[in-house]
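Okay, structure first, notes after.
Residue numbers begin at 1 in each chain, while the letters A, B, ... track the order of the sequences.
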There are 2 protein chains.
Amino acid sequence: MSAKTKRRKARKPARALADHRERSFDTAYRKLRELIVHGRLAPGTRVVEADIARRLEISRTPVRSALHRLQQEGYVAAYRSSRQARLAVAPLTKEDSRELYWIIGHIEGLAGRLLAQLNEEARARVAERLLVINTELSRLAGNPQTNPSRIFDLDMGFHQVLVESAAGPRLLALHAAIKPQTERYWRLYASAIVDQLGESVAEHKSIIQSIERGDPDATEHAIQRNWQCGAERLGRVIESRGERGSW
Amino acid sequence: MSAKTKRRKARKPARALADHRERSFDTAYRKLRELIVHGRLAPGTRVVEADIARRLEISRTPVRSALHRLQQEGYVAAYRSSRQARLAVAPLTKEDSRELYWIIGHIEGLAGRLLAQLNEEARARVAERLLVINTELSRLAGNPQTNPSRIFDLDMGFHQVLVESAAGPRLLALHAAIKPQTERYWRLYASAIVDQLGESVAEHKSIIQSIERGDPDATEHAIQRNWQCGAERLGRVIESRGERGSW
DNA sequence: GAATCCGCGATTGTATACAAAAAGTAGAAC
DNA sequence: GTTCTACTTTTTGTATACAATCGCGGATTC
């Protein structure tokens, strides 16, 4: 037994970083998700395993796994008749976006609540990180030529910091599963985003201040408000473009 | 085109209700989940696809799908080394239970908030349904010989009504994915539950009253409190039994 | 005696073949 | 022209074979 522990201790840490090929499942998941998010697979489009497999030049097996997961995450919807299921890209609607943003707002709000309860030092550290991101966002807000993807990444990062700093593993996982879905709506909205970015930056400031003050209620509320306002900004754009799942 | 629509309208509705065999995937998912929930697969146990497949007398394929899903739902945890993943039954800890109950409390709280905003008639209808369930629970609370499963089902039903009455599809799906996980802890706790059932019944009453009054804040809070108290009751039991993932 | 390397068994990931079921289609009956 | 029905096609679900990878244990070397 002592030998065993010693051996385990001696285990070689040189993990095979050598080969960075990703598993087919991962490519399938990643690429499919990208196709959906970027709208190359339009909402409502039927998804056929064999087609995707051909397109990605892999077998149906990993495609199937990826679709299973995407289904659970809400990117694809299943219309099933007793045994077999037909999959389609989940539609984007104003109602769905409202619910989605509403839920995320509350989940992240919970994380914010925890965050505001940390000790002062930790809060200051987080606030600092948030401030850096938000300053960059603020800077980009002035520039109308900014790449929307860059803005999305920054905003994503902002909220990621918010959650990962204090949330437990379950809350983190939940957030990780739900948050990326906003990207679909974000893309829809990309053109109009730069104009309204200032509002979001202001809301972020309010969040940061609440954290610095260590005020759980205010932090939770500020985060919720940020998402709710986001939903409204988004709603206006969807409205103006006509709601059909076209694009 | 008119012919086409007509033909669709004429489609035979006689759906094959004949054959109720479920898909292998469903049996795999159901049985595996049951094994885990009932502790026949103890927390920390490694899960090997081939073993499960043999045990259930089906091929690895549906087992694999089921494991994928159980993994995403948090029943099994994956420890992966670059490419291959090793699966194990997720451990049960006091910390995890606290986070789980905390999250559910808030998610259901959201549903309760929506519920309390319905019109009076709808609220009354829901309150009535809740009252029926809670009365039955109250009745069972007096009887020390009650089957714990019966109590679990009733409580599950109570919370189900709470959510399905007003929540949108996403919130519903989220709840459906998370809520069943409490069953693992509930089983752990089953012996001690009957003693403390009275408390839960009282909390339920408070929830029902808030709904009848149409008070969103109170409803949300009451639901949160119900879950938080549940977590505490559970925590005491786990504590007293020693926390190791034994059973 | 301890650390390192190598090879084998165990286990996961992928591809393919096959079975089953549903949707579409054409044709017959009225 | 419509409706029911039998057939064909498409697509999903399952089984199995194969490849890649991991972990463990023994052999080797100093």
Side-chain angles (χ1 to χ4, degrees), chain A residues 1-30 45-71 76-88, chain B residues 1-30 45-71 76-88:
Chain A
M1 182 176 176
S2 104
K4 200 171 182 181
T5 38
K6 278 198 180 172
R7 190 179 299 123
R8 183 180 314 153
K9 179 166 169 272
R11 178 140 304 289
K12 178 160 44 179
R15 266 263 307 293
L17 261 302
D19 199 342
H20 274 279
R21 270 180 315 174
E22 65 181 350
R23 300 177 312 180
S24 299
F25 167 83
D26 292 320
T27 67
Y29 176 77
R30 196 171 43 75
T45 307
R46 223 193 125 187
V47 178
V48 176
E49 292 176 1
D51 293 348
I52 306 292
R54 266 193 299 276
R55 191 163 175 172
L56 301 183
E57 295 181 316
I58 55 181
S59 86
R60 267 181 56 212
T61 312
V63 172
R64 199 176 163 71
S65 302
L67 283 174
H68 251 275
R69 181 157 165 194
L70 288 166
Q71 182 184 341
V76 307
Y79 306 98
R80 52 177 17 177
S81 52
S82 66
R83 294 270 200 99
Q84 287 191 174
R86 301 181 69 141
L87 300 178
Chain B
M1 182 178 176
S2 103
K4 200 170 183 181
T5 39
K6 280 198 179 170
R7 191 179 300 124
R8 184 181 312 155
K9 177 168 169 269
R11 176 138 306 288
K12 178 158 44 177
R15 264 265 305 295
L17 260 302
D19 198 343
H20 275 279
R21 270 180 315 174
E22 65 181 349
R23 300 176 315 186
S24 299
F25 167 83
D26 292 321
T27 67
Y29 176 78
R30 198 172 42 76
T45 308
R46 216 189 133 187
V47 178
V48 176
E49 293 177 1
D51 292 349
I52 307 291
R54 266 193 300 275
R55 191 162 173 174
L56 301 183
E57 293 181 317
I58 55 181
S59 87
R60 268 181 58 212
T61 312
V63 171
R64 201 176 161 70
S65 301
L67 283 174
H68 251 275
R69 180 157 166 194
L70 288 166
Q71 182 185 339
V76 306
Y79 306 96
R80 54 177 17 176
S81 53
S82 66
R83 297 270 199 97
Q84 286 190 173
R86 301 178 70 144
L87 300 179

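Residues from residues 45-55 of chain B that place a heavy atom under 4.0 Å from any atom of DNA chain C, listed by number: B:Arg46, B:Val47, B:Val48, B:Glu49.
Atom P of nucleotide C:dT14 and atom CZ of A:Phe25 are separated by 9 Å, given to the nearest angstrom. In this structure, OH of B:Tyr79 is placed 17 Å from C1' of C:dT11, rounded to the nearest angstrom. To the nearest angstrom, C1' of D:dT21 lies 17 Å from CD of A:Glu22. When rounded to the nearest whole Å, the span between NE2 of B:His68 and P of C:dT12 equals 11 Å. Protein atom CZ of B:Arg64 is 14 Å distant from nucleotide atom P of C:dT11, rounded to whole Å. Rounding to whole angstrom units, CD of residue B:Gln84 and P of D:dT21 are separated by 8 Å. Look at CZ on B:Arg80: it is 11 Å from C1' on C:dG13, rounded to the nearest Å. D:dT12 atom C1' lies 11 Å from atom CG of A:Leu67, rounded to whole Å.
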Begin with the C-alpha distance, continue with both residues' side-chain angles, and end with the deciding distance and a verdict on side-chain contact (heavy atoms from CB on, under 4.5 Å) for B:Leu56 and B:Thr27. CA-CA 8 Å; B:Leu56 301 183; B:Thr27 67; 5.6 Å; no

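In this structure, A:Thr61 and A:Arg64 have side chains that are not in contact, with every pair of non-hydrogen atoms separated by 4.5 Å or more.
For the residue pair B:Leu87 and B:Ala78, the shortest heavy atom distance occurs at CD2-CB, 3.5 Å. The two residues A:Leu67 and A:Val76 make their nearest non-hydrogen contact at O-CG2, 3.9 Å. In this structure, B:Pro62 and B:Ile58 approach most closely via the heavy-atom pair CG-CD1, 3.9 Å.
With hydrogens and angles disregarded, a donor-acceptor distance shorter than 3.5 Å links the side chain of A:Arg23 to the backbone of B:Arg83. With hydrogens and angles ignored, the 3.5 Å screen pairs no side-chain donor or acceptor of B:Arg86 with any backbone N or O of B:Tyr79.
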All N/O pairs under 3.5 Å across the protein-nucleotides 15-18 of chain C interface:
unit_1	atom_1	unit_2	atom_2	d
C:dA15	OP2	A:Ser59	N	2.9
C:dA15	OP2	A:Ser59	OG	2.9
C:dA15	N7	A:Thr61	OG1	2.7

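Phosphate proximity of C:dT12 to B:Arg86: absent, as no side-chain N or O sits under 4.0 Å from OP1 or OP2. At C:dG13, none of the side-chain N or O atoms of B:Arg83 fall inside 4.0 Å of OP1 or OP2 (strictly under the cut-off).
Here the CD atom belonging to B:Glu49 is positioned 11.5 Å from the CZ atom belonging to B:Arg54, to the nearest 0.5 angstrom. Remark: A:Arg60 CZ to A:Asp51 CG distance equals 11.0 Å, nearest 0.5 Å.
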